[in-house]
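Structure first, commentary second.
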Amino acid sequence: MGNGCNHKHTIFTAHVLESIEIGPLYHRTTFQLDEVGSKAFADAVPGQFAELDLTAVSLPPLEKIPPKLVDACKRNIILRRPFSFADIRKDNPGAIEIDILFCVLGPATVRMTSLRPGDSVSVIGPLGNGFSVPEGTKNALLVAGGMGAPPLQHLGFYLRENFPDMNVVAFAGAKSKEDLPYQLLEAPERDTELAEFSRCDVPAHIATDDGSIGMKGFVTQALENWIRTNDPKSGSTVIYTCGPEPMLAQVAKIAISHDLPCQVSMERRMACGIGLCQSCAIEVRTPASEETVYKLCCKDGPIFDARELVF
Amino acid sequence: MGNGCNHKHTIFTAHVLESIEIGPLYHRTTFQLDEVGSKAFADAVPGQFAELDLTAVSLPPLEKIPPKLVDACKRNIILRRPFSFADIRKDNPGAIEIDILFCVLGPATVRMTSLRPGDSVSVIGPLGNGFSVPEGTKNALLVAGGMGAPPLQHLGFYLRENFPDMNVVAFAGAKSKEDLPYQLLEAPERDTELAEFSRCDVPAHIATDDGSIGMKGFVTQALENWIRTNDPKSGSTVIYTCGPEPMLAQVAKIAISHDLPCQVSMERRMACGIGLCQSCAIEVRTPASEETVYKLCCKDGPIFDARELVF
Amino acid sequence: MDISVDFAGINLKNPVFTASGTCGYADELSPFMDVAALGGFITKSISLQPRKGNPTPRIVETDAGMLNAIGLANIGLDRFLDEKIPLIEELDTAVFVNLAGQTIDDYVAVTEKLAKIDAIAGFELNISCPNVKKGGITFGTDPEQIENITKHVKKVAGNKPLMVKLTPTVTDISVTAQAAIDGGADALSLVNTFTAMAIDIETRRPVLANRTGGLSGPAIKPIAVYLVNKVYNEVAKPAGIPLMGLGGITTASDAIEFILAGATTVAVGTASFPNPAASAQIVEGIENYCVEHGISSVKELTGALN
Amino acid sequence: MDISVDFAGINLKNPVFTASGTCGYADELSPFMDVAALGGFITKSISLQPRKGNPTPRIVETDAGMLNAIGLANIGLDRFLDEKIPLIEELDTAVFVNLAGQTIDDYVAVTEKLAKIDAIAGFELNISCPNVKKGGITFGTDPEQIENITKHVKKVAGNKPLMVKLTPTVTDISVTAQAAIDGGADALSLVNTFTAMAIDIETRRPVLANRTGGLSGPAIKPIAVYLVNKVYNEVAKPAGIPLMGLGGITTASDAIEFILAGATTVAVGTASFPNPAASAQIVEGIENYCVEHGISSVKELTGALN
Ligand SMILES: Cc1cc2nc3c(=O)[nH]c(=O)nc-3n(C[C@H](O)[C@H](O)[C@H](O)COP(=O)(O)OP(=O)(O)OC[C@H]3O[C@@H](n4cnc5c(N)ncnc54)[C@H](O)[C@@H]3O)c2cc1C
Ligand SMILES: Cc1cc2nc3c(=O)[nH]c(=O)nc-3n(C[C@H](O)[C@H](O)[C@H](O)COP(=O)(O)OP(=O)(O)OC[C@H]3O[C@@H](n4cnc5c(N)ncnc54)[C@H](O)[C@@H]3O)c2cc1C
Ligand SMILES: Cc1cc2nc3c(=O)[nH]c(=O)nc-3n(C[C@H](O)[C@H](O)[C@H](O)COP(=O)(O)O)c2cc1C
Ligand SMILES: Cc1cc2nc3c(=O)[nH]c(=O)nc-3n(C[C@H](O)[C@H](O)[C@H](O)COP(=O)(O)O)c2cc1C
Ligand code: FES
Ligand code: FES
């Protein structure tokens with residue numbers, strides 16, 4: 001798996017191919033990269049991200065903006081926004097397609113909902129290191145909390161394609177059924193069916209806080225249950241996780257307690273995404289001492305080893 | 001003719017019906033007013049204006065923005081923009097249509113070019129006093145310089161409809177053929193054919209600085225020529241004018257020297273358009289003294305008597 | 001749920017005012033909102049003599065803000081008394097008159113006359129307008145002069161509360177705030193605009209006829225919030241003097257930021273230009289916020305920043 | 001047509017720098033532009049000891065601007081000498097090192113060591129960072145301390161020009177500018193950020209972990225242009241000291257505004273975040289402007305405001 005820190009990122013234009021609402025607050029937008037972008041994305045891997053310039057995109061009419069966000073959306077934005085990829089399709093190497101799955105949270109993501117086929121945005125990417133697959137990995141556990149889903153969906157597709165024999169299992173948690181950023185199957189019979197994961201034959205264990213779908217409880221419990229049942233050997237099982245920080249901390253704790261390697265996708269408010277501003281500090285342990293230092297989420301991450309993170 | 005200062009203005013939504021480019025920098029956008037707006041516009045007259053909120057409209061892609069305006073268009077705008085009407089159609093009283101003819105000059109008007117049918121904008125209007133037709137007017141001379149055209153096009157339609165016997169003559173000036181904000185006839189045979197005025201049987205005397213169409217010279221010369229030839233009697237001839245301020249000053253001078261009443265449409269940078277901010281001061285003479293005072297272009301104007309204006 | 005507030009001895013329906021110089025004399029707002037929905041209304045600055053104001057351009061838009069150099073254009077005290085007081089008497093909201101002048105005597109003369117008028121709820125002392133050459137700005141940055149002018153005006157203000165409006169362009173605003181309090185101010189309002197300039201690179205001239213103007217609007221909000229919080233913590237809270245926060249308030253969320261930072265009341269300026277109903281919508285939004293967050297009185301929010 | 005400028009004794013290819021703290025150590029820019037296209041490059045502030053910087057959130061976007069409280073995070077002098085000087089030696093542009101410290105001794109120690117390094121073209125003395133508790137801000141507002149620290153640093157700066165970076169949050173910036181000049185400054189840069197605050201009304205906490213941060217970006221541009229023009233007219237021009245203008249520069253037009261106001265050079269900060277090629281594009285834009293307006297040397301434009 002590639003190393004994202006090789007300065008292959010660049011600035012380019014991406015054209016909107018499709019934009020769909022997959023839930024009241026979740027949208028999936030497919031972009032086709034221009035030639036420059038396609039070249040830069042040739043080696044892009046799950047867990048990397050891109051910075052989108054949404055400053056020139058129109059605001060939807062007030063009545064279409066979630067009431068809670070109307071005030072925030074009056075703000076004039078100037079910074080790009082970071083998004084990971086829910087999928088990258090490289091079938092046409094000169095016109096790579098990326099899917100961005102996003103949650104409507106503020107002025108930039110509200111603007112993003114008004115993108116239509118034919119529109120274009122400026123993109124910087126691919127950025128960051130991305131997930132990696134240690135040699136000999138047999139089981140991959142993908143643990144996604146809420147909006148942590150996109151890079152793990154991507155990882156699902158990626159692993160199925162590149163490591164067809166690997167045993168991949170997904171864990172998807174959210175507050176409630178509506179907060180699961182997936183295209184739910186028409187009638188998901190079991191707690192193991194989520195369209196995005198089913199598509200690549202990855203069973204998904206669903207957990208919601210209110211039990212509206214899947215198991216009632218936290219996704220970390222689902223993970224522990226699985227580990228208890230399957231007793232995976234350290235060295236052949238890797239946990240990949242992305243989601244809200246308290247969940248990540250819990251997943252990291254579980255991984256460390258079972259001595260399983262764990263790659264954690266972190267998020268920070270980013271002003272630049274490319275190492276200019278130092279806004280995206282992540283506190284990490286230094287190998288030899290008690291001291292901690294800051295690494296940069298955008299350059300050194302966003303994927304960190306669970307063992308080095310200070311939660 | 002109505003008096004615009006009767007507080008009939010209000011805030012409402014207008015829907016874009018059509019948007020056409022009528023020249024490299026000129027666009028005409030037709031809006032259909034909602035019910036509230038239609039009610040407010042029932043008595044609207046030429047020379048009045050509206051304030052459009054363009055803050056939420058998308059910027060076109062950089063390559064479609066005139067290079068000279070790219071820098072200016074990076075500015076985040078917060079204020080509305082004032083526009084007069086090139087026409088108001090009241091055929092359907094519950095869904096009045098207004099035409100705005102605009103020149104692409106900066107961040108707001110560049111945004112305006114990306115409005116498409118189905119889009120909507122917030123409008124405040126109708127604002128200001130508008131032109132008036134004194135009793136007994138027989139000749140109306142419409143003198144338009146550059147982007148002063150819209151309210152005089154409107155006035156042409158209005159006079160033809162409401163005063164079918166009135167002799168209406170238009171004068172249209174610009175730097176060059178391309179700067180005439182009119183839908184030029186396919187092959188304008190004479191200097192008296194401009195689609196907008198021909199449509200209402202108003203002959204138009206065209207003057208361009210470079211002689212690329214019509215007479216070579218200033219529109220004020222065309223006006224003087226006409227006056228010299230036709231010797232209109234004061235009291236039965238009214239001059240209406242709109243355009244760049246040096247031209248207005250010249251028209252006012254001509255009018256006063258021939259003792260003809262003259263209604264001048266003035267422009268100022270406006271922060272509000274409704275009398276809140278005092279940004280739109282126009283210096284006027286006080287009847288009895290040497291002193292001058294400031295009136296407000298938005299409330300007391302934008303139409304002023306040539307005699308009171310201090311240029 | 002109660003959104004009324006007590007402000008310098010007056011009870012107000014709610015914390016929202018319109019800012020001086022941005023809402024005419026209130027009748028201009030009436031096609032868009034009910035002025036009686038406001039906690040209060042602040043008039044354009046009134047000076048003893050009428051002021052024509054500056055030549056145009058008087059404004060220019062900047063990024064998320066605007067510059068103005070109106071030059072305190074106003075009709076002067078006499079015409080104000082004749083023409084505007086009757087309008088003010090009609091307003092069912094607390095009206096503060098903003099006072100401007102060139103000398104202390106000017107201020108005192110204006111205040112003395114207005115102090116007798118029942119329809120006026122209070123005064124806002126403008127010692128900080130950046131657009132008048134020999135005007136308030138010199139008063140506005142010098143603590144001694146601030147204390148002095150506040151004392152003189154307070155003496156003639158009768159029983160009406162005197163609010164002093166502070167300029168943000170000082171090294172330490174707590175010092176000027178303290179000076180106003182020492183002079184007897186009953187409340188402080190902050191901030192006025194920041195002196196600024198926009199240049200037309202084609203003509204190579206400043207855009208404004210006055211060359212410089214005052215920056216207002218959303219652009220300045222984060223600075224204003226900080227200054228309100230600083231004055232609240234360092235001066236106003238210890239002294240028990242209430243603050244009016246302003247500078248870029250466009251939404252109820254903005255207003256609540258100021259209140260959490262320490263403001264008892266807020267004022268809406270530039271935002272009324274594009275949206276003349278902004279102030280009334282902010283009243284509603286504050287009410288909704290209180291309901292949604294189970295806040296029984298908006299008073300609890302003042303300075304409630306964790 | 002010539003866009004080179006003389007700045008405090010150095011000849012620069014053009015007037016455009018990147019601002020301290022906003023462009024890493026230049027290699028981050030290289031995927032987007034040729035750093036050699038710049039007139040100069042200013043490093044992140046360097047302090048004697050490494051500084052971890054503040055906890056996150058360190059930034060928050062505001063209307064047409066952003067707040068940052070990075071806290072002068074930097075690797076410290078020793079690692080800077082080891083790791084970054086080799087990078088700097090590669091750069092074909094004038095590199096200024098931005099100096100930070102807590103005491104005069106700190107500043108002097110850093111400067112002394114760096115003065116010996118050929119690859120460094122000059123220094124920028126940061127006495128005005130609002131995000132460091134016991135840091136420069138106290139130096140930055142007091143004329144006496146400014147003069148004093150400038151004098152001490154200048155003494156050890158060798159033959160390299162010393163530029164002093166001024167904070168905008170003072171009552172009269174000409175006074176602080178004069179103090180720096182009296183202390184021996186060869187150039188002045190203005191402005192640094194404005195102390196500001198953003199509040200999350202749901203948590204009722206400041207958004208930044210540091211509570212306050214410095215406001216930068218287009219929002220502050222009109223204030224910065226005004227301050228540059230003021231310092232140019234009142235202090236810099238009479239003293240013959242050149243200015244670097246910054247604050248919200250996003251386009252070539254912005255840069256030209258600063259130059260007309262009195263700046264000899266300009267620096268691009270926040271604008272590089274959304275558009276990492278901004279500074280190079282501004283160089284091009286200045287060139288185009290000169291061509292289109294028949295200006296034979298950009299030097300003619302400094303202070304050419306009518
Ligand atoms: C590496 C990375 C990958 C990401 N991938 C995705 C993705 O695939 N899909 C998706 O929907 N979102 C993703 N995000 C988050 C996304 O960038 C933010 O939701 C977006 O910037 C919000 O912008 P806004 O203007 O709509 O709202 P804002 O007003 O900017 O933010 C809304 C709220 O979200 C929070 N917030 C914003 N940015 C961050 C952040 N970086 N970290 C933590 N909290 C934040 C703040 O509390 C804020 O109140 C990612 C972020 C990072 C750093
Ligand atoms: C009563 C009134 C009626 C108007 N009717 C029309 C119309 O029908 N069609 C049309 O195209 N335009 C009309 N205008 C002008 C229009 O409002 C401006 O062109 C528009 O605001 C420009 O906005 P912008 O953001 O694109 O450019 P900005 O950056 O705001 O302005 C671009 C340039 O135009 C100049 N300018 C802007 N506003 C004014 C003004 N009010 N007076 C003088 N100069 C100004 C400035 O020099 C500026 O550099 C009218 C203005 C007024 C006051
Ligand atoms: C056009 C305009 C005129 C103003 N006139 C006055 C005035 O007469 N007296 C005064 O004290 N403040 C005046 N102000 C300042 C405002 O009251 C307010 O302090 C400032 O605009 C900041 O608030 P805002 O960002 O909400 O506009 C004026 C502001 C503007 C924009
Ligand atoms: C993220 C960030 C970090 C900064 N770090 C420093 C710094 O280390 N030293 C310094 O002198 N100025 C620093 N600044 C201030 C900038 O150099 C500049 O003065 C300010 O941002 C205004 O310019 P701008 O609006 O173009 O960004 C920083 C600014 C930002 C936004
Ligand atoms: S986001 Fe700017 S350094 Fe990471
Ligand atoms: S534009 Fe505000 S008063 Fe006329």
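Fair warning: this is a prediction, and the values are worked out from it, not measured in the lab. Within every chain, numbering begins at 1; the chains are lettered A, B, ... in the order of the sequence lines, protein sequences first and strands thereafter.
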Distance-minimising heavy-atom pair for C:His293 and D:Glu202: NE2-OE1, 2.8 Å
Portion of D:Tyr289 that has a non-hydrogen atom of chain C nearer than 4.5 angstrom: side chain
D:Thr250, part contacting chain C, at a heavy-atom distance under 4.5 Å: neither
Partner residues of C:Glu234 under the side-chain hydrogen bond (donor to acceptor under 3.5 Å, both in side chains) criterion, sequence neighbours left out: C:Ser174, C:Lys230
Nearest-0.5 Å distance, NZ of residue D:Lys221 to CG of residue C:Leu215: 11.0 Å
Most chain C-contacting option - heavy-atom pairs closer than 4.5 Å, from D:Pro206, D:Ala224, D:Ala198, D:Ala261: D:Pro206
Atom CD of C:Glu144 with >12 non-hydrogen neighbours under 6.0 angstrom: no
Under 4.5 Å from a heavy atom of chain D, the part of C:Leu67 involved: side chain
Chain C-proximal positions within residues 296-306 of chain D [heavy-atom distance under 4.5 Å]: D:Leu301, D:Ala304, D:Leu305, D:Asn306
Separation between CZ of C:Arg204 and CD1 of D:Ile256, rounded to the nearest 0.5 Å: 9.5 Å
Atom pair CD1 (C:Ile223) and CD1 (D:Ile223), whose distance is rounded to the nearest 0.5 Å: 5.0 Å
Euclidean distance, C:Thr195 OG1 relative to D:Tyr226 OH, rounded to 0.5 Å: 5.0 Å
Heavy-atom pair count under 4.5 Å with chain D, highest-scoring of C:Ile201, C:Ile173, C:Thr62, C:Asp200: C:Ile201
Rounded distance (nearest 0.5 Å) linking atom CG of C:Asp172 with atom OG1 of D:Thr169: 10.0 Å
Proximity breakdown for C:Pro168 and chain D, heavy-atom pairs closer than 4.5 Å: neither
Value rounded to 0.5 Å, distance of OG in C:Ser253 from CD1 in D:Ile199: 12.0 Å
